[in-house]
Each structure stands twice: as structure tokens, then as C-alpha cells.
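All remarks here apply to the structure that follows.
We name chains A, B, ... by the order of the sequence lines, and we start the count at 1 in each one.
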Amino acid sequence: MTDQDIRALVAQHLGRIAPEIPFDSIDPSEDLREECDIDSMDFLTLVTALGKDLSLPMPEADYDQMRTLDDLVDYLRRNAA
Amino acid sequence: MSQFIMPSLGADMEDGTLVEQLVAAGDPVHRGDIIAAVETQKGAIEIEVFEDGFLDKWLVPLGTKVPVGTPLAEIRVSDVPDAPQPKDPPPDTPPRELPEPTQPDVPPVPPLEEPTPPPEQPPQAPSELAEVPIRQRVTPAARRRAAQTGFDLASLGTERVITLDDVPQSQSLPRGEPLSAMRQAISAAMTRSKREIPHYYLSDSIDLTAAEDFIAAYNADLPPEARLSIGVLYIRAVALAAQKYPEFNGHFENDQFLPAQAVHLGMAINLRSGGLVAPALHDATTGDLATLMDRLKDLVARVRQGRFRARELSDPTITLTSLGDRGVAGITGVIFPPQVAIVGIGTPAWRATVVDGAVRPCRIAEVTLAADHRVSDGHKGAQFLRHIIKRMQHPEQL
């Protein structure tokens with residue numbers, strides 16, 4: 001998957017969780033949860049959806065590598081088959 | 001004869017404008033009757049009379065701004081001719097020369113062209129007066145809206161009482177927008193709570209190290225959809241404590257407390273659109289943690305889509321508000337009536353803590369209880385709170 005594809009996928013799921021936040025307005029180098037004002041339950045929803053789509057286990061121990069939007073996209077690209 | 005004076009409606013009030021004369025000269029008045037409305041910085045306020053008798057004459061024309069203590073009308077007190085004034089005007093307010101109506105039974109007619117201004121009268125009073133027709137009766141709410149929107153009340157004539165419905169709402173309200181339905185609902189419940197429920201508050205620290213370790217170990221090899229959040233441990237611990245201490249679990253209605261049989265735990269859930277709701281997780285003491293987590297996720301998802309059930313809003317027997325992992329140290333809740341308790345759990349943080357004689361880094365959160373003093377006291381509240389803390393030390397038993 002290309003970087004663009006992954007970004008589109010993240011945008012799709014984030015749009016469902018935080019519909020009032022335009023994806024373009026998210027600072028990709030800032031903390032994603034702060035940027036989108038999402039709580040741990042929302043984040044679990046996001047991780048669940050991305051894990052299903054990309055067949056990734058998304059372990060909790062890796063959450064630190066998903067801190068910003070750039071981090072998350074990078075993590076998904078590296079781990080997706 | 002006594003004088004009805006411009007009352008002081010607060011220490012900061014220096015003057016007021018007579019905006020309504022609700023009783024005509026010659027009419028009887030009774031103690032407690034609303035006979036006038038006065039406009040102040042706080043809005044139009046209705047003024048009652050403190051004695052029985054007849055309103056002899058109005059001394060101040062409508063629309064006139066006068067200092068506190070100025071006589072507004074003369075009251076002929078029943079059966080007590082020339083009774084003394086109930087209240088002397090303040091010494092800095094000299095008695096004024098008044099326009100003399102010749103017939104006491106005719107309402108005073110403010111002269112339209114050339115009103116004789118009282119000495120203290122500000123210069124804008126005559127123009128205000130000109131806008132207010134003779135004897136126009138306007139309810140305070142209508143007058144308030146007209147003042148806010150700039151609507152000209154004179155256009156409505158004097159034939160009948162002007163009510164709120166007669167004054168069109170402004171397209172752009174200058175004093176902010178009305179509350180949304182959500183804020184109105186929160187306002188109603190929280191205002192009632194603060195008015196009716198004598199809250200007492202307790203707090204303590206809770207060591208969440210064991211609970212977080214338990215969650216991390218539980219989740220380690222599970223796919224995201226099967227993972228637990230620490231919130232389910234809070235829910236279960238509070239529910240078990242509420243079951244053990246029934247004076248925190250139930251409803252206070254009609255001057256009596258009705259303890260609930262089951263624990264339907266209200267979960268305070270923040271809404272992205274603003275506001276919050278606290279619907280029930282029914283029977284929160286039953287089922288395993290995985291089931292409880294699924295029910296919690298289902299509830300949160302439905303609430304955030306605005307699809308919860310009426311029963312979920314009316315059933316909670318106690319509420320839990322948790323600040324999650326990105327909040328602040330603590331929260332002291334406001335009880336949601338008719339419930340009698342709310343537990344608050346703050347955001348855990350690393351703290352140096354003495355455990356078994358040694359300082360260790362521990363995950364510490366503040367846990368609070370706000371409870372209804374009509375139903376329980378601090379001693380029992382402390383036992384309840386300590387039970388939650390104790391339960392959280394053994395998450396595997398939840």
C-alpha cells in the first residue's frame with residue numbers, strides 16, 4: 001500500500017470518529033489524540049478498524065509508535081503486508 | 001397617607017425607571033399586590049405594595065428614571081387616615097415637587113409636550129417618556145425583550161396589556177444565543193441538584209499500578225476488538241461497592257430514599273458536539289469483564305451517534321465520571337438527581353509512593369465521592385470509597 005492509500009484509510013476512519021475535524025487540518029507532527037480530541041475509547045475504535053482493514057495485530061505495546069498522524073501512517077506502512 | 005417609594009433592589013442599585021403602573025389611581029391595593037414594574041440594570045423587576053389601601057395617585061410618570069427612595073405613588077391606607085410613611089426616603093433624596101392632578105380618581109396624565117422633570121431626572125428622560133404612551137401596560141418579559149431588540153413598544157398601542165408574544169424576537173440576539181436543548185437539560189438537572197441535594201465530598205488516592213498491569217497483561221495477545229480498557233475495572237469496582245453499601249445506590253424521591261435492587265451504573269460520556277450524558281450500564285455487577293467491555297463500547301458508540309434509549313437515561317442508580325488517561329488529577333462530581341451519589345476518578349499519573357516502607361513509582365489517581373447527606377454520612381461514605389480502592393487492588397477478582 002502506498003502512503004496515499006494508508007492516509008486515505010486513516011482519514012476515512014477518523015472521519016467517522018471525529019467528523020467535525022477536517023482531515024487536512026490535522027497537524028501530522030502533533031499528537032493525534034490531541035489534534036482530534038479523541039479519548040482512549042475512540043483510539044481503540046480507530047486501532048480496531050485499521051487492524052481489521054490491514055490485518056495487523058496493532059498491539060498495545062506499539063501504541064507509542066502511533067502517536068502522531070505521521071507516526072501512525074509510517075507504522076502502518078512498515079507493518080502492512 | 002403613605003408613600004410608595006422606589007425601592008433599593010440591591011446595594012449596587014442607585015436608580016430605576018418606572019416602566020409599569022399596574023394599578024390605576026383610585027383602585028384598591030392589597031399587601032403583596034404587584035403594583036409597578038421598575039427597570040434596573042438587572043432587568044424589569046416587579047414591585048409589590050406592603051399595605052392595604054387605595055392607590056391615591058401616581059407621583060412619577062411612566063418612563064421616568066428616579067433615584068432610590070423617590071416616592072412613586074401615594075397610598076391611602078385603609079381605615080388609617082394619614083398613616084405615617086413606612087419608610088423614610090434616604091436623606092440625600094429631597095422630596096420633590098410633584099405635578100398636581102386635580103382629580104384623584106383619574107390616572108395621572110403625564111404631560112406630553114413639556115413634562116416637568118424632577119430635579120434628579122437625567123436629560124434623556126423626556127424622550128423616553130415620549131416613546132411610552134399613556135397607561136400602556138407591558139409585562140416585564142415583553143419590556144425586557146423590547147429593550148434587548150430595540151423594538152418600539154409605542155407601536156402596539158394602549159388598548160390592551162402587551163405580552164411577550166406581542167414583541168417580535170430579534171433576528172440577531174445581542175446577548176448571546178439561547179441555550180441548546182443539551183445545555184438546557186444539563187442546566188435543569190444540575191441546578192436542581194445544587195438546589196436540593198446537600199452534597200458532601202470525600203476524596204482519596206487510588207493506586208492503579210496493579211490495575212494497569214492487569215490490563216496490559218490481559219490485552220497483550222488479544223486483537224484490538226477483544227481488549228479491555230481500565231474503565232471497565234472502575235465500573236465493576238464502583239458497582240460492587242454500590243451493591244455492598246446500598247445507601248449510595250438508588251433514588252431519592254418524594255422525601256424518601258428508595259435503594260435499588262440492581263446497580264445500573266450511569267457512565268458520564270462526553271459528546272463531541274458539546275455536553276454530556278450519563279446513561280446506564282444495566283446490571284453492572286454481572287457478567288465477565290469482556291462482556292462488560294462490549295456493553296460499554298456499544299453504549300459509548302450509540303451515545304456518540306445520539307442513539308441511546310430513554311430507559312438508559314432514567315435508570316442509573318449511581319454515576320461514575322472518569323477523566324480518562326488525558327485529563328486532570330481529579331473531579332468532584334455533581335449528583336444527578338434523583339440519584340444520591342457520584343464517583344469521580346481522575347487521570348492516573350506516576351507518583352513516588354511509599355509501599356511497605358520503600359518509595360516506589362506508582363500509578364496514582366484521585367478518587368472522589370459526592371454523596372447526598374440526606375441519605376448517608378461521611379463515615380459510611382469513607383467505607384464506600386475505601387471499598388472501591390480495595391477492589392481495584394485485586395483486578396483479577398473483578
Given side chains that start at C-beta, do those of B:R326 and A:D37 come closer than 4.5 Å, heavy atoms only? no

Chain B heavy atoms under 4.5 Å from A:F43: which part of the residue, side chain, backbone, both or neither? neither

B:D221, CG: over 12 other non-hydrogen atoms inside 6.0 angstrom: no

Return yes when atom CZ of B:R295 has more than 12 non-hydrogen atoms of other residues, nucleotides or ligands closer than 6.0 Å, and no otherwise. yes

Residue part contacting chain B, namely of A:L46, when any heavy atom lies under 4.5 Å: neither

In terms of heavy-atom proximity below 4.5 Å to chain B, should A:I38 be classed as side chain, backbone, both, or neither? both

Is the number of heavy atoms from other residues, nucleotides or ligands within 6.0 Å of CZ (B:F336) greater than 12? no

Which atom of A:M58 lies closest to which atom of B:P224, heavy atoms considered: CB-CG, 4.2 Å

Would you say B:K297 and A:T45 make side-chain contact, with heavy atoms under 4.5 Å? no

Toward chain B, the part of A:E60 with a non-hydrogen atom under 4.5 Å: both

4.5 Å side-chain heavy-atom contact, A:M41 and B:I269: no

What heavy-atom pair brings B:R227 and A:P59 nearest, and what distance separates the two atoms? NH2-CA, 3.4 Å

A:I17 versus B:R272, closest heavy-atom pair with distance: O-CD, 3.3 Å

Heavy-atom contact with chain B under 4.5 Å, split by part of A:A49: neither

Are the side chains of A:L44 and B:M293 in touch, meaning some heavy atoms are under 4.5 Å apart? yes

Counting only heavy atoms closer than 4.5 Å, note whether A:D62 contacts chain B via side chain, backbone, both or neither. neither

